[in-house]
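Each remark here refers to the structure printed beneath this line.
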Amino acid sequence: MIDAMQEVKVEKGQVIINQGDDGDVLYFVFQGSLDCYKQLPGQSAPTHLLTYTTGMSFGELALLYNTPRAASIKANEPSVLFSLDRECFNNIVKESAIRRREKYDSFLSEVELLQELEPYERSKLCDCLISHTYAPGSYIIKEGESGDTFYFIESGKAYATKKNSSGQQETVYEYENNDYFGELALLKDIPRQASIIAKVRAAVCVC
């Protein structure tokens, strides 16, 4: 992939891709930042979705599914990108990228908390997921700690424990594949309400 990439320097205000255009290039941000805007139905002005910074990528949807650009990307400062064209993308990463995205998108589409997301927003959330493996008996989160991460179980099992009125830990719930937890700390800005412990070897995705 490194050998196939081309350096692209862009100026502040330069539009890299336009929503609705055909696309045949995937971009990686090496330096700088770029804003992503999408024109949503019924709205007069484009909606800002996110800002791309170093280490992030964009433009893959058009290559994965042969569809028009789903959003517009504009540099908000001088930036350096690396581009990968369609042919190289297809030969190197397309198949594995599709499998990963479809797997995570299928799960996220069933999460009630995320039902209001646009498909494009959900697809970008898939790209943010990071998988961690926990040995049996290890803590994934601990009751009382602050939390800024949302989890779901990719494989394996875990269980939740919570202090009862006597101060003893008791099991209150068991999690299996595709279950999720950790959202309360994000939604309500409160400490973790329970501890989550791996019951068997568990691969947990976080975002």
Side-chain angles (χ1 to χ4, degrees), residues 1-41 43-109 114 116-133 147-152 154 186 203-207:
M1 286 183 65
I2 293 173
D3 291 339
M5 289 181 183
Q6 300 293 322
E7 184 180 81
V8 180
K9 294 182 179 180
V10 298
E11 300 298 325
K12 179 179 179 179
Q14 184 174 340
V15 176
I16 314 305
I17 61 177
N18 279 302
Q19 182 177 344
D21 286 353
D22 292 331
D24 58 3
V25 179
L26 164 67
Y27 295 95
F28 299 86
V29 183
F30 178 71
Q31 182 180 321
S33 65
L34 306 96
D35 286 326
C36 174
Y37 296 92
K38 185 174 178 65
Q39 184 67 54
L40 300 174
Q43 296 190 3
S44 57
T47 298
H48 179 264
L49 299 181
L50 73 161
T51 298
Y52 291 99
T53 56
T54 301
M56 301 176 73
S57 62
F58 58 88
E60 73 286 351
L61 288 182
L63 278 67
L64 286 171
Y65 305 112
N66 196 30
T67 57
R69 295 298 195 187
S72 297
I73 311 293
K74 181 180 180 180
N76 57 34
E77 62 177 308
S79 302
V80 179
L81 314 175
F82 282 96
S83 66
L84 187 69
D85 64 33
R86 181 185 295 275
E87 183 178 358
C88 293
F89 179 82
N90 288 344
N91 290 333
I92 300 172
V93 299
K94 181 175 182 178
E95 185 175 347
S96 61
I98 287 178
R99 286 199 306 268
R100 182 183 188 276
R101 173 159 293 180
E102 289 181 345
K103 173 185 176 181
Y104 290 153
D105 186 76
S106 176
F107 168 76
L108 295 178
S109 65
L114 308 176
E116 298 302 317
L117 290 181
E118 291 283 325
Y120 179 78
E121 295 170 317
R122 193 168 62 243
S123 75
K124 300 313 297 181
L125 185 58
C126 290
D127 293 336
C128 297
L129 295 175
I130 303 172
S131 183
H132 295 279
T133 300
D148 59 2
T149 308
F150 171 76
Y151 300 80
F152 78 84
E154 185 177 1
L186 278 67
V204 178
C205 284
V206 303
C207 60

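Predicted model only: the values in this text are computed from it and were never measured. Note that the numbering runs from 1 along the sequence shown for the chain.
Minimum heavy-atom separation, Gly23 to Ala62: O-CB, 3.9 Å. Considering all non-hydrogen atoms of both residues, Ser83 and Val25 come closest at CB-CG1, 3.4 Å. Contact record, Asp105 with Arg122: OD1-NE, 2.9 Å, taken as the closest heavy-atom pair. Contact detail for Leu84 and Ala4: the closest heavy-atom pair is CD1-CB, 3.7 Å. The shortest heavy-atom contact between Leu26 and Gly59 is CD1-C, 4.3 Å.
Rounding to the nearest 0.5 Å gives a distance of 9.5 Å between OG1 of Thr67 and CG of Asp22. With values rounded to the nearest 0.5 angstrom, Lys9 atom NZ is found 12.0 Å from Ser79 atom OG. Rounding to the nearest 0.5 angstrom, the gap separating the CD1 atom in Ile2 from the CZ atom in Phe28 is 10.5 Å. Residue Met5 holds its CE atom at 13.0 Å from OH of Tyr27, rounded to the nearest 0.5 Å. The distance from atom CD1 of Ile73 to atom CG of Asp35, rounded to the nearest 0.5 Å, is 8.5 Å. Taking OG1 of Thr149 as the start and NE2 of His132 as the end, the distance is 8.5 Å to the nearest 0.5 Å.
Within 6.0 Å of CG on Asp21 lie more than 12 heavy atoms contributed by other residues, nucleotides or ligands. The environment of Phe30 atom CZ is sparse: at most 12 non-hydrogen atoms of other residues, nucleotides or ligands sit within 6.0 angstrom. Heavy-atom contacts from other residues, nucleotides or ligands closer than 6.0 Å to CD of Gln39 number more than 12. Environment of NZ in Lys74: sparse, with no more than 12 heavy atoms of neighbouring residues, nucleotides or ligands closer than 6.0 Å.
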Worksheet item: Could you walk me through whether Gln19 and Tyr37 pass the side-chain contact (heavy atoms from CB on, under 4.5 Å) check?
Response: CA-CA 8 Å; Gln19 182 177 344; Tyr37 296 92; over 6 Å; no
Item to complete: Please report the C-alpha distance between Met56 and Leu50 in whole Å, then the side-chain angles of each, then the deciding distance to 0.1 Å, and finally whether the side-chain contact (heavy atoms from CB on, under 4.5 Å) criterion is met.
Response: CA-CA 11 Å; Met56 301 176 73; Leu50 73 161; 4.1 Å; yes
Worksheet entry | Stepwise side-chain contact (heavy atoms from CB on, under 4.5 Å) check, Leu81 with Leu34 | CA-CA 10 Å; Leu81 314 175; Leu34 306 96; 3.8 Å; yes
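Side chains of Ser33 and Glu77: a donor-acceptor N/O pair is present below 3.5 angstrom, by distance only.
Annotation: side chain of Phe58 is in contact with side chain of Val29 (closest heavy-atom distance under 4.5 Å). Using a 4.5 Å heavy-atom threshold, the side chains of Val8 and Val10 count as touching. In this structure, the side chains of Arg69 and Ile16 stay at 4.5 Å or more apart for every pair of heavy atoms.
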